Structure formats: structure tokens, C-alpha cells
Amino acid sequence: CDTLFYFAGLGCGTLAVLEQNDAGIALLRSFDWNDGLFDVTWSENNEHVLITSSGDGSLQIWDTAKTKGPLQVYKEHTQEAYSVDWSQTRGEQLVVSGSWDQTAKLWDPAVGKSLRTFKGHEGVIYSTIWSPHIPGCFASASGDQTVRVWDVKAPRVKLVIPAHQAEILSCDWCKYDENLLVTGAVDCSLKGWDLRNIRQPLFILLGHTYAIRRVKFSPFHATLLASCSYDFTVRYSTF
């Protein structure tokens with residue numbers, strides 16, 4: 001059977017781990033936190049471990065094989081920790097978080113403090129996503145209307161893309177092209193970007209009538225996207 005997850009936060013946060021089987025979807029385990037939970041990511045080397053990010057600026061590590069938790073709490077962000085992602089490239093066990101304090105932080109779950117803080121955004125960070133191709137590379141989307149690409153070994157930001165004339169709430173990498181990023185923004189548009197030439201977007205997709213909250217490339221089709229919006233719709237797009 002497949003294990004899924006759901007997370008929510010209204011004042012207090014609940015992490016619910018759901019299991020899909022022949023009978024449908026059932027609750028496998030739930031955990032409570034004392035503030036809203038905004039994002040969640042699974043470990044890439046342990047099927048029972050995941051990390052959530054919270055409105056109190058902290059990250060929590062949970063083990064679904066245990067009835068209580070969290071195993072560890074990291075609290076360095078000074079405002080809401082709005083996004084968290086676990087590296088997918090082999091040989092790395094790194095986590096990146098993004099916060100409304102305008103910083104992104106790099107974490108090794110085996111270490112009790114952050115390894116590095118990334119500064120440069122002039123607005124809140126809504127999304128931090130590791131590249132599935134390039135080790136140590138992640139993108140961050142911000143309310144300052146830019147997407148930035150970072151190399152954890154470089155002293156400064158690698159690339160700044162002025163992607164929209166509105167807050168950018170989400171970004172994602174294409175699994176089939178290491179140079180392709182998509183952004184979703186408050187202006188209701190999706191834009192695709194080739195990192196080798198950022199003067200113009202590769203494509204612009206319209207249709208949503210309110211801000212786009214999340215966009216994801218399909219893991220199975222190179223030109224298929226899914227997006228969800230505050231207009232209460234999920235849309236599938238091709239480019």
C-alpha cells in the first residue's frame with residue numbers, strides 16, 4: 001500500500017499520515033503541534049521520517065513509526081517557517097527551509113543547528129525547492145517578485161529572476177530538464193523559465209482567477225503541470 005500525508009494549521013497544527021489501500025484512505029497516525037503547520041517533506045532515506053515547518057518559525061522532525069514526537073525541533077527562523085524541502089539528489093541528506101523573515105536556511109538533520117543562512121530576498125519567502133538534478137542547488141520564491149537560484153557552496157546568490165510583477169507563491173523544477181523552472185504568482189499566471197536565458201519566459205499560462213498557491217511539474221510527463229489556486233480550482237496545463 002502507499003502512504004500519503006496531509007497537513008493543516010489553524011491556530012494549532014495537526015500532521016496526519018494517511019494510508020491508501022484497497023478499502024480507501026485511512027488515518028495511520030496523527031501528531032499535534034502548538035502552532036500552524038505550513039509545509040511538510042519526506043526523508044529521502046527513511047520512509048518513516050518527515051519534517052514539518054511551522055508558524056512559530058520552527059522545524060519539527062517526526063517518525064511515523066512512533067506514537068509520540070517530534071524527535072527534534074529546530075528553531076532559528078524569527079518568523080513563520082513557510083516552506084521546507086528535503087534534497088532528492090544522491091549522496092546528500094540536506095534540508096532547506098524558507099521563512100517570512102526573508103531568509104532560507106540549510107540543515108543537516110543529523111546536526112542540531114543550521115549549516116548556513118541565505119540572505120538576499122527583500123520580501124517573505126514562500127517556497128524553497130531543491131533541484132532534482134544539481135547537488136546543492138535550490139530555488140526560492142518570494143514576495144519580492146523574484147525567484148532566486150542558490151548554490152550552497154557559493155558565497156552569494158547564483159541567479160536572480162524578476163519573474164512576475166506580483167508576489168510569487170510557488171516554484172518547481174522540471175524533472176526532465178535541469179534548466180527549467182516554473183513559477184506561480186498572485187497575478188494568476190504560471191511562467192516557465194530557462195535558466196540559461198531569463199530575459200523572457202519560455203511560456204505563460206493563464207486561466208486561474210485568483211492567486212496561484214502551488215504549482216508542480218508532473219513526475220511522468222515533461223510538459224504537464226498541475227496548479228492549485230485560491231479560486232478553489234486545480235488546473236492541469238501543458239506547454
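Model, not experiment: these values are computed from the prediction.
Q60 and T52 are linked by a side-chain donor-acceptor pair at a separation below 3.5 angstrom, with hydrogens and angles left out of the test. The closest side-chain donor-acceptor pair between Q72 and Y74 falls under 3.5 angstrom. No hydrogens or angles considered: a donor-acceptor pair under 3.5 Å links the side chains of T128 and S83.
Side chain of T41 to backbone of V84: no donor-acceptor contact under 3.5 angstrom is found. No donor-acceptor pair closer than 3.5 Å links the side chain of K175 to the backbone N or O of P132. In this structure, R196 contributes its side chain and N179 its backbone to no donor-acceptor pair below 3.5 Å. A donor-acceptor pair under 3.5 Å links the side-chain atoms of S53 to the main chain of A81, judged by distance alone. Using modelled atom types, no side-chain atom of S189 and backbone atom of L205 make a donor-acceptor pair closer than 3.5 Å. At least one donor-acceptor pair under 3.5 Å links the side chain of Y176 to the backbone N or O of P219.
In this structure, W193 and T183 approach most closely via the heavy-atom pair NE1-OG1, 3.2 Å.
Between V124 and Y82 there is no side-chain heavy-atom pair separated by less than 4.5 Å. Here the side chains of L94 and L115 are in contact, with some heavy-atom distance below 4.5 Å. Within the 4.5 Å cutoff, the side chain of C137 has no heavy atoms near those of the D151 side chain. Two residues are said to be in side-chain contact when any heavy atoms from C-beta on lie closer than 4.5 Å; S142 and R148 fail this criterion. With contacts defined as side-chain heavy-atom distances shorter than 4.5 Å, the pair N197/L202 does not qualify.
Residues satisfying the side-chain hydrogen bond (donor to acceptor under 3.5 Å, both in side chains) test with D56, not counting sequence neighbours, are W33, S54, S58. Not a single side-chain contact (heavy atoms from CB on, under 4.5 Å) links R156 to another residue, sequence neighbours left out. Legend: residues meeting side-chain contact (heavy atoms from CB on, under 4.5 Å) with F217, ordered by chain and number and at least two apart, are D172, C174, L180, V182, L225, F239. Listed by chain and number, the residues in a side-chain hydrogen bond (donor to acceptor under 3.5 Å, both in side chains) with T233 are H208, D231, R235 (sequence neighbours excluded). In this structure, the side-chain hydrogen bond (donor to acceptor under 3.5 Å, both in side chains) partners of W86, at least two apart in sequence or on a different chain, are Q93.
Within 6.0 Å of atom NZ in K75, more than 12 heavy atoms from other residues, nucleotides or ligands are found, so the atom counts as buried in its surroundings.
The pair K105-D101 does not count as a salt bridge, with every side-chain nitrogen at least 4.0 angstrom from each carboxylate oxygen.
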Pairs of donor and acceptor atoms involving the side chains of residues 63-71, under 3.5 Å and at least two apart or interchain, shall be tabulated with distances.
residue : atom : partner : partner atom : Å
D63     : OD1  : A65     : N            : 2.9
T64     : OG1  : H48     : O            : 3.3
T64     : OG1  : H48     : ND1          : 3.4

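Using cut-offs of 30° and 60° for the angle between ring planes, the W62 and F31 rings count as tilted.
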